[in-house]
There are 2 protein chains.
Amino acid sequence: MASLTSHIHCQDCSMSSLCIAQPLDNDSMVRLDTIIQRRKPLQKRDLLTTAGAPLQFLYAVRSGSLKTYTLDDKGVEQIIDFHLPGDLVGFDALADGHHRSFSQALETTMLCEIPVQSLDDLASQMPTLRKQMMKLMSSELFASKQLLGDLNNRSAQQRLAHFLLTLSQRFAERGLSGKSFRLTMTRADIGNYLGLSVETISRILSALQTDGTLAVKNKLVEIRSLDQLNSLAGH
Amino acid sequence: MASLTSHIHCQDCSMSSLCIAQPLDNDSMVRLDTIIQRRKPLQKRDLLTTAGAPLQFLYAVRSGSLKTYTLDDKGVEQIIDFHLPGDLVGFDALADGHHRSFSQALETTMLCEIPVQSLDDLASQMPTLRKQMMKLMSSELFASKQLLGDLNNRSAQQRLAHFLLTLSQRFAERGLSGKSFRLTMTRADIGNYLGLSVETISRILSALQTDGTLAVKNKLVEIRSLDQLNSLAGH
DNA sequence: CGACGATTTGACTCTACTCAATGTGTGTGG
DNA sequence: CCACACACATTGAGTAGAGTCAAATCGTCG
């Protein structure tokens, strides 16, 4: 009998199109699969990475979600990113072999664990894998820099609209509903990430609910008018 | 006779410690050197990259400086980054082989031109080069994400203090003075980058001048009290 | 010298923050 | 299974920091 832990392989993984495995032919994917382990699921609030800890694995999110954050001089949390299924966690540690941030599960979360040493070996043999890693990092890099400009010069409403649209797109890319989804992070997390206070987040969500752009029920968000939301984000 | 264009080689380049060449042994550096060309200097306002254009080269800044920006739906400039000597320009294009942003010289600027195709070939033969590229991207990625958090939750004064400190450090790393340097970008550029209005930048610079933290004379900035500036950035 | 772009400074306004109180949901232990 | 506790969320009132608009000055380049 198979054990209870997941035995889905890269070849069958629904996330493979977003994952590091995306451009690989079947044979390469099988080789990648052999180095990847599946981890016991993380429970809500469990830490996946700790700043300063040596890098051993990169992680791919299979299901669930995480937040990545740093602590500033005063020990205040600064949220850097949210991770959804298909995302890779740990790139920031490639620079010097140590994680630079904390990653914490926002809900029960399943992961693939990729030993960096083996990945590196594979990458040196497989140019496609090497290029794919570069591509993923390049995309993330641009997205991150772009976001900086996007957020900096925009109002609270624009920021939140942009955030919701980005989430929506990411869910859609992952084969989930982009119209209606659950915010696994708290309002405080969103505020921290966007540089807004909890109260502002709450007020804007209420306002968007009132004007019919959204239907919000606790953590559940339904986008009622995508056009409306788009035009709010654009200004 | 040697031509008038620069013939400095990677082996002799004062920027090599920051550059892609950093961890390479002498032999590898010579090989890298053979694929790198030197470009005619860019004049102020010249474009180095254009969003949408196919990626052919990565560039390393030898002297001078550039700004990288995108244009939003309304054609409004969004500054994403400033590049100083030793920085690499073009990583954002690795994702799909097309540049995603514009890069414009802020002053007369000298560059090394690195053909991506050849770089890729070299990287596949030289694991150190491959790792160094990953490291550079990883560092940039983290810095960019960190910056997002840093700026988002901070006041105008904190942002500007942080910006000046970062510039100071970067100049120092490049063997230039970190105490006293020239802002090659306009106040408007700084404001755009930090998400502040020109007037706010100007007012804060004046205030920092008045309280003795800085001496500002047009584009020239001298840091009078590093401690003061540090504590302003920290809050 | 003249023109234009960049910078500074002032006055007023408004957005988003803080503080405060209340409401809602979740989870734990008796 | 219920009750209580605590974390999360909403809403209101007042305030402050940064934006906008406007005008004057400075600097640079032709």
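Just so we're on the same page: letters track the sequence lines, and every chain starts at 1. Nothing here was measured: the structure is a model prediction, and the numbers come from that model. FYI, side chains are in, hydrogens and waters are out, and symmetry mates aren't considered; it's all heavy atoms of this structure.
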- Give one of base, sugar-phosphate or nothing for B:Leu196, where a contact means two heavy atoms less than 4.0 Å apart. sugar-phosphate
- Among D:dG19, D:dA9, D:dC8, which nucleotide sits nearest the side chain of A:Arg45? D:dC8
- Task: Under 4.0 Å between any heavy atoms, over every strand shown, what does B:Gly195 touch: base, sugar-phosphate, or nothing? Just pick one.
- Result: sugar-phosphate
- Separation of A:Leu183 atom CG from D:dA9 atom C1', in whole Å? 13 Å
- For B:Ile201 and D:dT20, give me the distance from atom CD1 to atom C1', rounded to whole Å. 15 Å
- Item | Separation of B:Thr186 OG1 from B:Asp189 CG (nearest 0.5 Å) | 3.5 Å
Let me check something: any side-chain donor-acceptor pairs from residues 79-88 of chain B under 3.5 Å, sequence neighbours excluded? List them with distances.
residue	atom	partner	partner atom	Å
B:Asp81	OD2	A:Lys145	NZ	2.2
B:His83	NE2	B:Thr68	OG1	2.7
B:Asp87	OD1	B:Arg174	NH2	2.5
B:Asp87	OD2	B:Leu84	N	2.7
B:Asp87	OD2	B:Arg170	NH2	2.6

- Between C1' of D:dA18 and CZ of B:Arg159, the distance in whole Å: 10 Å
Output one line per pair: protein atom, nucleotide atom from nucleotides 15-17 of chain D, and distance, for all N/O pairs under 3.5 Å.
none

- Sub-4.0 Å heavy-atom contacts from residues 202-223 of chain A onto DNA chain D, ordered by number: A:Ser202, A:Arg203, A:Ser206, A:Lys219
- Item | Pair listing, side-chain hydrogen bond (donor to acceptor under 3.5 Å, both in side chains) test, anchored in residues 44-55 of chain B, at least two apart | B:Thr49-B:Ser103
- Message: Regarding B:Thr186, tell me which of base, sugar-phosphate or nothing describes its non-hydrogen contacts under 4.0 Å with the strands shown.
- Response: sugar-phosphate
- Message: Using 0.5 Å steps for rounding, measure from the CG atom of B:Leu167 to the CG atom of B:Leu183.
- Response: 6.5 Å
- Would you say the side chain of B:Leu220 lies within less than 4.5 Å of the side chain of B:Glu222, judging by non-hydrogen atoms? no
- In whole Å, what is the span from the CZ atom of B:Arg182 to the P atom of D:dT28? 10 Å
- Between A:Glu77 and A:Lys67, does at least one N-O distance fall below 4.0 Å, as a salt bridge requires? yes
- Query: What distance separates A:Gln157 CD from A:Leu205 CG, expressed to the nearest 0.5 Å?
  - Reply: 10.5 Å
- Message: Within this structure, what is the CG-CG distance for the pair A:Leu160 and A:Leu164, rounded to the nearest 0.5 Å?
- Response: 4.5 Å
- Message: For the SG atom of A:Cys19 and the CG atom of A:Leu136, what is their distance to the nearest 0.5 Å?
- Response: 8.0 Å
- Message: Rounded to whole Å, please give me the gap between CD in B:Glu199 and P in D:dA23.
- Response: 14 Å
- Item | A:Asp211: partners by salt bridge (Lys or Arg N to Asp or Glu O under 4.0 Å), with sequence neighbours left out | none
- In whole angstroms, the gap separating P of D:dT11 from CZ of A:Arg187 amounts to 11 Å
- Name the first nucleotide and the last nucleotide along DNA chain C (5' to 3') that come under 4.0 Å of a heavy atom in chain B. C:dT7 to C:dA11
- CE-CD distance between A:Met185 and A:Glu107, expressed to the nearest 0.5 angstrom: 9.0 Å
- Item | Distance, rounded to the nearest Å, where A:Asp189 contributes CG and D:dC8 contributes C1' | 11 Å
